[in-house]
Amino acid sequence: VTEILLTGLSTGFAESFLVQLPKYIGTEKSPLLMVFHKYGSTANDPYNNTGYPKECAQRGWFMISSLGATKKSFSSLASQENREISLDWLMTMFGSKINTDRIYGTGFSMGGGSVANYAARHLDPDGIQLAAIVDHTGGVSQRHTWQLDLPVRSILEYWFEGEPWQTPFEYQRSSVIEFDKTTFAVSSDVSLAWNLTHIPTLVSHADMDPLAYLIDQSVVFKDFLSSIGGTVVYTKTSAAVHDWKTLSAKSA
């Protein structure tokens, strides 16, 4: 595992990321897993809180875990661009050994929303696309998060330059769904989930997660994606904690 720090980036934010290489790099290309950290954490998150490093090591996969500009980035443009830069670095160094048809993404909480948004916004056939994603209790609607998570409002307003009704597009492009908090009706015409219909998606959450609004987001997301023809696997575990460990790396 190697830690890389890139500075002087166009986003104005340095990017710190961890790259884990397979123990043996042979002639065959290996898959790559991108891990998106939870709110308030860093690129160390999967090493401190998940079994993904061990699982990738056992399978002979590459793994990259990026900061995404800051600990609290919420799928902002800066976080997306910094993750692109870190992935470009990895591909420059080891691209000949990575199977670009098998690049996967997984994330928890803020990271679950980030990986879904990243996949939906990276569809260039000449670029790097994600082959499948895991949204573990993800914040997939920034407007809904703003409405129900008061402590993070100021952070969202910083990234998206105002409140949701002032800068709606900025919130929408960093989400994958937008929906009414009372009726749960999805605004289909502004939801990026349409870009995920071809990407197998696992949506998971704990049934009694204390961040109940993220349960709502998870359910609305999986229902909408299924309704528009997406390939969705849905799992729900019995737990009353907000934690990576309510979904094991092996089962994901």
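Numbers for residues simply follow the sequence, beginning at 1.
- The existence of a salt bridge linking E157 and R153 is excluded, since no basic side-chain nitrogen approaches an acidic carboxylate oxygen closer than 4.0 Å.
- Here T231 contributes atom OG1 and L225 contributes atom CG; the two are 8.0 Å apart, rounded to the nearest 0.5 Å.
- P210 and A240 get closest at one heavy-atom pair: CD-O, 3.7 Å.
- Counting only N and O atoms by type, the side chains of S188 and S191 include no donor and acceptor under 3.5 Å apart.
- T237 places none of its side-chain heavy atoms less than 4.5 Å from the side chain of M208.
- For the residue pair Q129 and D124, no side-chain donor N or O sits within less than 3.5 Å of a side-chain acceptor on the partner.
- Considering only heavy atoms from C-beta on, V134 comes within 4.5 Å of L247 through its side chain.
- Under 3.5 Å, the side chains of Q217 and T145 contain a donor-acceptor pair of N or O atoms.
- Of the possible donor and acceptor atoms, one in the side chain of S79 sits under 3.5 Å from a partner among the backbone N and O of S76.
- One side chain, H122 or E84, offers a donor N or O that lies under 3.5 Å from an acceptor on the other.
- Residues H242 and F108 place their aromatic rings such that the two centres sit under 6.0 Å apart.
- We find the OG1-CE distance between T2 and M93 to be 9.0 Å, quoted to the nearest 0.5 Å.
- Across every non-hydrogen atom of T137 and A206, the tightest pair is OG1-N, 4.4 Å.
- In terms of modelled atom types and a separation under 3.5 Å, the side chain of N117 and the main chain of R173 share a donor-acceptor contact.
- Of the possible donor and acceptor atoms, one in the side chain of S251 sits under 3.5 Å from a partner among the backbone N and O of S248.
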Inset, instruction - Report the C-alpha distance between K38 and M110 in whole Å, list the side-chain angles of each, state the deciding distance to 0.1 Å, and finish with yes or no for side chain to side chain contact (heavy atoms under 4.5 Å, CB included). - result: CA-CA 5 Å; K38 65 185 178 185; M110 183 187 77; 5.7 Å; no
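- Taking the six-membered ring for Trp and thresholds of 30 and 60 degrees, F17 and W89 have ring planes more than 60 degrees apart, a perpendicular arrangement.
- Listed here is the closest heavy atom pair of L18 and A43: CD1-O, 3.5 Å.
- Formation of a donor-acceptor pair under 3.5 Å by the S30 side chain with backbone atoms of G60 is found in this model.
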Inset, instruction - Could you check D209 against V241 for side chain to side chain contact (heavy atoms under 4.5 Å, CB included), going step by step and ending with a plain yes or no? - result: CA-CA 5 Å; D209 192 302; V241 294; over 6 Å; no
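- At a cut-off of 3.5 Å, with distance as the only test, no side-chain donor of H37 or S66 sits close to an acceptor on the other residue.
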Legend entry - From CA spacing to verdict: side chain to side chain contact (heavy atoms under 4.5 Å, CB included), R102, L32: CA-CA 7 Å; R102 296 186 64 192; L32 164 66; over 6 Å; no
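- Note that OG1 of T11 is 7.5 Å distant from CD of E15, once rounded to the nearest 0.5 Å.
- In this structure, the side chains of I128 and I103 come closer than 4.5 Å at one or more pairs of heavy atoms.
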Inset, instruction - Please step through side-chain hydrogen bond (donor to acceptor under 3.5 Å, both in side chains) for the pair Y171 and E178, ending with a clear verdict. - result: CA-CA 9 Å; Y171 282 79; E178 184 166 305; over 6 Å; no
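- From T106, atom OG1 reaches atom CE of M63 across 10.0 Å, with rounding to the nearest 0.5 Å.
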Inset, instruction - With side chain to side chain contact (heavy atoms under 4.5 Å, CB included) as the test, would you mind laying out the steps for R121 and L77 before giving the verdict? - result: CA-CA 11 Å; R121 287 166 59 174; L77 288 182; 2.8 Å; yes
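- Both the sub-6.0 Å distance and the 45° axial angle are not jointly satisfied by R143 relative to the ring of W146.
- In the displayed structure, K71 atom NZ is contacted under 6.0 Å by at most 12 heavy atoms of other residues, nucleotides or ligands.
- At least one side-chain heavy atom of F224 sits less than 4.5 Å from a side-chain heavy atom of W194.
- Both V219 and V203 are members of a single hydrophobic cluster when ILVMFWY side chains are connected at heavy-atom separations under 4.5 Å.
- Following chains of ILVMFWY side-chain contacts shorter than 4.5 Å, one cannot reach F179 starting from Y213, and the two form parts of different hydrophobic clusters.
- Taking every heavy atom of both residues into account, V140 and A116 meet most closely at CG1-CB, 4.5 Å.
- In terms of hydrophobic clustering, with Ile, Leu, Val, Met, Phe, Trp and Tyr side chains grouped at heavy-atom distances under 4.5 Å, Y39 and L156 are assigned to a common cluster.
- In this structure the side chain of H205 never reaches within 4.5 angstrom of the side chain of H136, judged on heavy atoms.
- Ring centers of F74 and W159: at least 6.0 Å apart, outside the cut-off.
- Remark: K222 is positioned above the aromatic ring of Y234, its terminal NZ or CZ atom under 6.0 angstrom from the ring centre and at most 45 degrees off the axis.
- Closest of all the heavy-atom pairs between S218 and G138 is OG-N, 4.0 Å.
- Y47 and Y52 fall within a single hydrophobic cluster, where Ile, Leu, Val, Met, Phe, Trp and Tyr side chains are chained together by heavy-atom contacts under 4.5 Å.
- Side-chain heavy atoms closer than 4.5 Å link hydrophobic residues (I, L, V, M, F, W, Y) into clusters, and following such links, even through other members, never connects L21 to W61.
- Rounding to the nearest 0.5 angstrom, the gap separating the CG atom in L214 from the CG atom in D135 is 9.5 Å.
- Proximity of E163 to Q166: side-chain heavy atoms (C-beta onward) are separated by under 4.5 Å at one or more points.
- Here the side chain of N82 pairs a donor or acceptor atom with the backbone of F13 at under 3.5 angstrom.
- Within the 3.5 Å criterion, the main-chain N or O of R83 finds a donor-acceptor partner in the side chain of S86.
- Using a 3.5 Å distance cut-off with no hydrogens or angles, the side chains of Y118 and S75 do not pair a donor with an acceptor.
- Nearest heavy-atom pair across K97 and G26 is NZ-O, 3.3 Å.
- N99 contributes no side-chain N or O that, together with a main-chain N or O of K29, makes up a donor-acceptor pair within less than 3.5 Å.
- Checking N49 against D45 by side-chain atom types alone, a donor-acceptor pair falls below 3.5 Å.
- No donor-acceptor distance shorter than 3.5 angstrom exists from the side chain of T201 to the backbone of I133, with no hydrogens or angles considered.
- A donor-acceptor pair under 3.5 Å is formed between the side chain of Q142 and the backbone N or O of S174.
- Within the 3.5 Å criterion, the main-chain N or O of T183 finds a donor-acceptor partner in the side chain of D180.
- Looking at V35 and W244, their side chains come closer than 4.5 Å, going by heavy atoms from C-beta outward.
- A 4.5 Å side-chain heavy-atom check between P31 and F62 finds every atom pair outside the cut-off.
- Taking OG1 of T197 as the start and CG of N195 as the end, the distance is 7.5 Å to the nearest 0.5 Å.
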